[in-house]
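Here is the structure we will look at, set down as structure tokens.
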Amino acid sequence: MATPYHARNIVTAIPGPNSVELAEQHRRYVSAGVGQGKPVFARSASGATITDVDGNTFIDLASGIAVASVGNSAPEVVNAIQEEAAKLTHTNFATTPYAEYIEVCRLLSKHVPIDGPTKSVLVNSGAESVENAVKIARKYTGRSAIVVMENAFHGRTNLTMAMTMKSMPYKRGFGSFAPDVYRVPFSYPLRDEFGMDGVAAARHAIDSIEVQVGSDQVAAIIAEPIQGEGGFIVPAPGFLKTLSDWAHEHGIVYISDEVQAGFCRTGDWFACEHDGVRPDLVSMAKAMGGGMPIAAVTGRAEIMDAVQPGGIGGTYGGNPVACAAAVAAIRLMENHQLDKRALELECIARNTLSPLVEDVPAVAEIRGRGAMIGIEFVKGDSMEPNGDLVQRIAARTVQEGLIILTCGIHGNVIRLLPPLVISDAEYVEALSALKEIILEESNN
Ligand code: PLZ
């Protein structure tokens, strides 16, 4: 590999002996249903690097699936966790409330792109935030139908499995699924007939809603502003706005699922802002906790207050330690203007990777915003998805000291989700190495 190592440090074969031993224990004790990730086991992580149990250091381009935006083990978050844990680990907010929960809700109100007063509920995971958003929308509207998008990913619980599109591995054998979920086409400029005409793509989706269910039956439309697991698909300009305007005209609650794209990742605090969308509810998780499990639904106060007391919540939702971490993480995003930083990272990524579109026939498109960039691979000059090539590239990256994820309905997209605190030098090093791997593997 010609790219010099600076941030990376590979000192053993990959996987090293300690990882090999742990992999045996993993096979022995962990359910085979849990996804088998990289062959290396993490021991520690800091900023934009992860060090494994054999002392190898990798540049992190995954952020634990868009979680470590403020950096792995950010010292401010670690301090907040330690201090809070010594003071208050748990009471259950509905039993004995505490200030930390309210402070998180106040910060969320400050940042969500919703006009007028907003309120929140705190939960534990992205799937829970989506489920709660649906419950709240149904209660508020008195309707039951939920409209979801093609390629969507919303989670692994029963309702969110129904809302997720891809069967393998997320749904196969796990049915039956929750009823009253209707799927309509999302805008996919590279592949759909509407290209960059987002308004036409939205009209097409709206037609499908009218045909399948009828606007007066719909409680909520939910969309990821940039689709995550589905392939880092950026809808054409006007798509989300047309859809959300139509929802508002018909008394339908518009939910922006910002679980993956939210919290500065795409250059805005929330990715739907870019399209001028004013959602009614926002589901969020991942980066908001700086590494601790915490999630939320924030929405228009009138909608959030439609639920009877005790109808939403849970034992651990808004746990004090997780809240302290969230407050610290959100303050870091504010103080370091990580939304702006994401745009700088986009420039670095585009400068390094853009030539690939011209030079490599298998690279169909480089897309995304901020620090959420996807590279879609096809077979030669055809548009057939090339998941095999992506598998080969992904396998090589870990050998070369990079932690990278793939995505896409056909597994043919490489995704970049670096911590937003990654340095220019680290990002350039990682992207240059990735580029070389892509060039080499595409020629094999
Ligand atoms: N909504 C938009 O991206 C989680 C999970 C991948 P949880 N995405 C990564 C996997 O293999 O499980 C996600 C998302 C969007 C909801 C969720 C669900 O969030 O915190 O994983 O429940």
Side-chain angles (χ1 to χ4, degrees), residues 66 146-154 163-168 170-171 181-209 211-212 221-247 254-261 265-266 271-272 274-277 346 349-350 353-354 356-357 361-370 372-387 389-390 405-417:
I146 303 300
V147 172
V148 299
M149 302 293 130
E150 281 180 6
N151 316 311
F153 184 94
H154 295 294
M163 298 169 69
T164 290
M165 178 157 124
K166 196 172 167 178
S167 169
M168 279 299 280
Y170 305 125
K171 301 171 77 163
V181 175
Y182 301 87
R183 193 173 307 282
V184 300
F186 193 66
S187 159
Y188 193 165
L190 178 69
R191 291 181 181 275
D192 72 20
E193 61 190 287
F194 305 105
M196 289 308 276
D197 188 348
V199 175
R203 296 231 177 285
H204 181 61
I206 289 165
D207 277 351
S208 176
I209 300 172
V211 168
Q212 291 188 69
I221 298 175
I222 181 165
E224 299 156 82
I226 296 180
Q227 290 186 320
E229 308 301 302
F232 276 32
I233 302 166
V234 185
F239 178 79
L240 296 174
K241 181 81 170 81
T242 305
L243 203 57
S244 61
D245 285 351
W246 182 81
Y254 185 85
I255 306 169
S256 189
D257 182 349
E258 301 269 355
V259 166
Q260 189 155 163
R265 166 94 11 220
T266 65
C272 69
H274 184 85
D275 301 285
V277 169
E346 176 174 351
R350 289 195 182 278
L353 299 175
S354 288
L356 289 173
V357 181
V363 173
E365 188 174 55
I366 293 173
R367 59 176 176 251
R369 283 203 300 276
M372 184 169 186
I373 300 289
I375 313 169
E376 176 159 349
F377 288 83
V378 292
K379 290 190 175 151
D381 286 324
S382 85
M383 285 302 287
E384 202 184 325
N386 196 343
L389 175 55
V390 163
L405 292 168
T406 62
C407 63
I409 292 296
H410 301 288
N412 64 320
V413 179
I414 297 266
R415 56 170 146 176
L416 304 175
L417 287 169

Do [X] and [Y] touch side chain to side chain, with heavy atoms closer than 4.5 Å?
{"X": "H204", "Y": "P185", "result": "yes"}
{"X": "T266", "Y": "H274", "result": "no"}
{"X": "E384", "Y": "H410", "result": "no"}
{"X": "Q212", "Y": "V184", "result": "yes"}
{"X": "L389", "Y": "K379", "result": "no"}

Is the backbone N or O of [Y] less than 3.5 Å from a side-chain atom of [X], with the two atoms forming a donor-acceptor pair by type?
{"X": "D192", "Y": "F194", "value": "yes"}
{"X": "S187", "Y": "A236", "value": "yes"}
{"X": "R183", "Y": "T164", "value": "yes"}
{"X": "R367", "Y": "E376", "value": "no"}
{"X": "R369", "Y": "A271", "value": "yes"}
{"X": "E150", "Y": "M165", "value": "no"}

Roughly how far, to the nearest 0.5 Å, is [atom2] of [Y] from [atom1] of [X]?
{"X": "R350", "Y": "I366", "atom1": "CZ", "atom2": "CD1", "result": "7.5 Å"}
{"X": "I409", "Y": "I233", "atom1": "CD1", "atom2": "CD1", "result": "7.0 Å"}
{"X": "L417", "Y": "L405", "atom1": "CG", "atom2": "CG", "result": "6.5 Å"}
{"X": "I222", "Y": "Y254", "atom1": "CD1", "atom2": "OH", "result": "9.0 Å"}

| request: Assess whether side-chain contact (heavy atoms from CB on, under 4.5 Å) is satisfied between L416 and M372, documenting all intermediate values. | output: CA-CA 6 Å; L416 304 175; M372 184 169 186; over 6 Å; no

| message | Does I221 form a side-chain contact (heavy atoms from CB on, under 4.5 Å) with M149? I'd like the steps, not just the answer. | response | CA-CA 9 Å; I221 298 175; M149 302 293 130; 3.8 Å; yes

| Identified side-chain hydrogen bond (donor to acceptor under 3.5 Å, both in side chains) partner of Q260 from the options E229, Q227, R265 |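 Among E229, Q227, R265, the one meeting side-chain hydrogen bond (donor to acceptor under 3.5 Å, both in side chains) with Q260 is E229.
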
| message | Once you measure the plane-to-plane angle for F153 and Y170, does it fall in the parallel (<30°), tilted (30-60°) or perpendicular (>60°) bin? | response |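 If you compare the ring of F153 with that of Y170, the planes turn out perpendicular.
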
| field | Stepwise side-chain contact (heavy atoms from CB on, under 4.5 Å) check, L190 with M383 | value | CA-CA 9 Å; L190 178 69; M383 285 302 287; 3.6 Å; yes

Of all the heavy-atom pairs spanning [X] and [Y], show the shortest one and how long it is.
{"X": "N412", "Y": "N386", "result": "CB-N, 3.6 Å"}
{"X": "R415", "Y": "C407", "result": "NE-CB, 3.5 Å"}
{"X": "I226", "Y": "F232", "result": "CG2-C, 4.0 Å"}
{"X": "K166", "Y": "G411", "result": "NZ-N, 4.4 Å"}
{"X": "L356", "Y": "V363", "result": "O-CB, 3.9 Å"}
{"X": "P189", "Y": "M196", "result": "CB-SD, 3.7 Å"}

| query | Does a side-chain N-to-carboxylate-O contact under 4.0 Å join D207 and R203? | reply |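 No salt bridge links D207 with R203.
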
| query | Run the side-chain contact (heavy atoms from CB on, under 4.5 Å) check on L243 and F186 step by step: do they pass? | reply | CA-CA 10 Å; L243 203 57; F186 193 66; over 6 Å; no

